[in-house]
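See structure below.
All of these numbers come straight from a predicted model, not from anything done at the bench. This chain uses plain numbering: 1 for the first residue, then up along the sequence. Atom set for the values below is all heavy atoms of this structure, side chains included, hydrogens, waters and symmetry mates excluded. Read the numbers this way: they start at 1 and go in the same order the structure lists the ligands and their atoms.
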Amino acid sequence: MTRTDDFLHKQLKTYFGFHTFKGQQEAVIRNILAGQDTFVLMPTGGGKSLCYQLPALIMDGTAIIISPLIALMKNQVDAIRGFITDNNNIAHFLNSSLNKQQLADVRKSLLNGDTKLLYVAPESLIKEENIQLLKQLKIAFYAIDEAHCISEWGHDFRPEYRRLRTIINDIGLAPIIALTATATPKVQNDIQKNLGMLKAKLFKESFNRPNLYYEIRPKNNPEREIIKHIKNNPGKSGIIYCLNRKKVEQLADILRLNDIKALPYHAGLDPATRAKNQDSFLMENTDIIVATIAFGMGIDKPDVRFVIHYDTPKSLEGYYQETGRAGRDGGEGHCIAFYSQKNIQKLEKLIQGKPLAEQEIGKQLLLETVTYAETGTCRRKVLLNYFGEEYPHPHCDNCDNCLHPKPLFQAQQYLTILLKTVTALLEKFKTEHIINIITGNLTTLIKSYRHHELREFGKGTEKTPQFWQTIIRQAIILHLLEKEIENFGLIKITDTGLAYLRQPYPILLPEDHNYLHDDNDDDTPFQTTKTHGSFDQELYTILKAQLHHLAHRLDIPPYAIFQDPTLEDICIQYPTTIDELKNCHGVGEGKAKKFGQEFINIIKKYVDDKQITRPQEMLVRTLINKSSLKVHIIQSIDRKIMLDDLALSKGLEMTQLLDEIEAIVASGTKISIDYYIQQTIDDDKADHIYEYFYHQAQTDSLEDAIQTLNGDCTEEEIRLIRLKFMSDIGQ
Ligand code: ADP
Ligand code: MG
C-alpha cells in the first residue's frame, strides 16, 4: 500500500488535529502500512500510540492492541473515541472489567467490522473464547505496547507476555508492531526473539532528554531535603516515588503537615480515591503526588517539574521511565534520586526471596543502579550508554557530575589490568566473574575454571568490586570493551581495546562518589533517628560542655534544655541564628529564645573557623511517627479540642492519647495544652507539679515523679503537666 505524503498528513489532521508528525512517526506508519513488522523505541511522551492508531484507522480490518494496564485501557479508548466523535464503536477494549452486556456489545461491533482498534489485556487474550472470537476477524496488525514486559530483563516483566507469539499464530498471522520506551539492547533482542520478529525494521529515537537534570543525593534526612526542594519551587508539579505504600502514606502526611499540597497514590487505595488523587494532580489542585511506581504509566502531564526518587530505584530501566515523566513539554525537569547503601541492602533482601534465575537478573540490574549512583562520570552519558546509545559529547552540563565535577584519577594501570583479564578469559565471561578474578575472590566458578591460576588473579585487591565495576563501565564508554548483547553480559575486547593494550596511554577518569559516610537512612523518620555517628562529634563535645555549664548556672537539669537527639541534630544542621535553631529537632520557639544565643555564638564561631558549608536554612514541621492519627491530634490540639473528647472520638484510652502526644512533643513539634490543663487541674496542684519538674527532678522519669509527688496527684495529671513543662521549657 503506498500513500502520498499528502494523504497521511491529511489523515493526521482529520483524525488527530495535528499538522506534523513527531519524530519518526511517519516512517513508522509507512512501514506498518506496507505490512512490515516494526519495532519502535521511543522515549516516554514520544508519541508511540499514534504510530498504531493512525494506521489502524486507515487499514482494512481490526488492529489488536495489547497493553498491560487494564486501568489505562479505558482512557485510551476514550481518547481515541474523543478524536472520532461520531462513532463509539471505532474502538473497544476487552478485559476482565466488562460485564456480560458490554461483552456482547463489543462482540457485535467486532463481528460487524465496525471496530478498528481493539485493546486487549494479555490475560484476556489467552482466553479460549476470545481467541475463537478474534479468529473470525480480519486482523490488520498486532500492536504490542509496553513491549519491554516481554523480557525478564525489562523493568516490568509479565509472564503472560511471553505467550503472545503462540496466541497470535493461533488467531491468525498479521504484521506485528512492538513499542516501548525503555529497552536496553538485551531487552530489545529478547522482545524481537520472543515475538519472532528478528527481522523487524527498527525505529529508534534518541533517548536523550536534554532538558532533564539528573542528580543523585546521599539519603540523609530525605524528608527535609524534599520539603526544602518543594518550598523552593512553589506551585510546581512534582512526583515523588517511594518503594512501598507505607512510605507513600507517611511522606504524603509529612508534606501536608508542612502545608504542601500532596496526595498519595498506590495500588492499596480504593479505585475511587486513586482516581480522585490522580485527577486532583492533573487538574493542579494538588502540587505533589507521592506514589509507588504504580503511578505514572500513561500519565501525560506535560509540566511535571520534578521527579524525586525517595528510595533508590531497583533498576535503571524503571528509573529512566519514571524520570521521563518530568519536563515532557521540553521545559525544566529536575530528577533527584536519593541513594543509600542501606536501601540497596533492602532491595537485595527482597530479591533473595525470588526464584534463582530472577535473583541473578535482579542482582545485575541492581549493580547497574549502584554503579550509576556512585559514578563521577556524566550521568547522561552513563544512562544513554546503558540503553545502547552513545552520547556524542564529553559531558552534558546538565547533571550533578557535570556541574560539580569529581576529582580525576589516573586509570591507566586499572584499565590495563582489566583488559588483560578479559583477554586471558578469551572473552567468555561476564562482569561479575571478571571482578571476582581481579579482586581475588575465590568463588566456586573460579575454582572450577582454575582462574585463580591466571596472572591477573588478585591484581586489584586494593580496590573494591564497586570500583572495578566502574572501571568496566568506563572501559565500555571508552569503547575499549563491549558487552555482548545476545548472551547478556559477555565482555569482549574491541579493536580499540587491543590497540590500547599494545600501547597504553594515560587516561584520567572521575572518582566515584563515596556515600558510605552519609548513610543515615531510613524507615525511622529523621526526627527520631539516632544519627549514627554522622553528626559533627567535635562540635557535639563542645556543645555538651556548654550545656552542662548552662544547666548548672540556671539550676535546671540539662535534659530540660537540650536532649541528646537535639544536640546531634544541631551538629548536623549548624544553626547560626535563633530561627534556624528552632528548626532543629526538639527545639521550639521558647527554648530557642531562652537558651539559644549562647549555643548559636559557639556554633557560629565554629562554622567560621572551620569554614563549614551548612545545610540551608529551612522550616520543617516534624512528626515522629507520621501516622495520620498524629496529624489529627496536632490539628485538634491547635483547635483546642478537649483531650477527653479527642480520645473518645478516636476510640483511645486517655493514657494512649497521652502516649501519642508525648511522642509528638518529643519529636520537637510544639503544641500547647494549657487550655485543657486550666480546665481540668487545680491551679495550685498544677504549679506544684510544674515546680517539681522545674527544680527538683533530675530526669523526666514518670516513676520518679509519682514517687516524689507522693500520691497527691494522679498519674494523668503528672503527665499533663510534664507535657506542658516539656513544651514550655523543652520546646
Ligand atoms: P508515548 O506512548 O510514546 O509515551 P503518547 O502516545 O502517549 O506517548 O503521546 C504523548 C503525547 O504526544 C500525547 O499527548 C499525544 O497526543 C502527543 N502527540 C503524539 N503525536 C503527536 C503529533 N504528531 N503532534 C503533536 N502531538 C502529538
Ligand atoms: Mg504509550
Is Met42 touching ligand 1 with its side chain, its backbone, both, or neither, if touching means heavy atoms under 4.0 Å apart? neither
Assess whether a salt bridge exists between Arg305 and Asp329, defined as any Lys/Arg side-chain N lying under 4.0 Å from an Asp/Glu carboxylate O. yes
Pair Lys246, Glu249 - check side chain to side chain contact (heavy atoms under 4.5 Å, CB included), show working. CA-CA 5 Å; Lys246 196 172 132 221; Glu249 294 281 354; 6.0 Å; no
Classify the contact between Phe21 and ligand 1 as side chain, backbone, both or neither, using a heavy-atom distance cut-off of under 4.0 Å. backbone
Please report the closest heavy-atom contact between Pro68 and Tyr161, naming both atoms and the distance. CD-OH, 3.2 Å
Between Asp400 and Arg379, does any side-chain N to carboxylate O distance fall below 4.0 Å? yes
Of Thr377, Thr375, Asn385, Thr371, the residue whose pairing with Arg473 passes side chain to side chain donor-acceptor pair (under 3.5 Å): Asn385
Does Lys381 NZ have over 12 foreign heavy atoms under 6.0 Å away? yes
Could you check which of Val40, Thr20, Leu50 puts a non-hydrogen atom nearest to atom 23 (N) of ligand 1? Thr20
Any heavy atom of Ala181 closer to ligand 1 than 4.0 angstrom? no
Quick one: does Pro43 get a heavy atom under 4.0 Å from ligand 1? yes
Only heavy atoms of Ser49, strictly under 4.0 Å: list the atoms of ligand 1 that pass. 2 (O), 5 (P), 6 (O), 7 (O)
Distance-only N or O hit between ligand 1 and Gly47, under 3.5 Å: yes
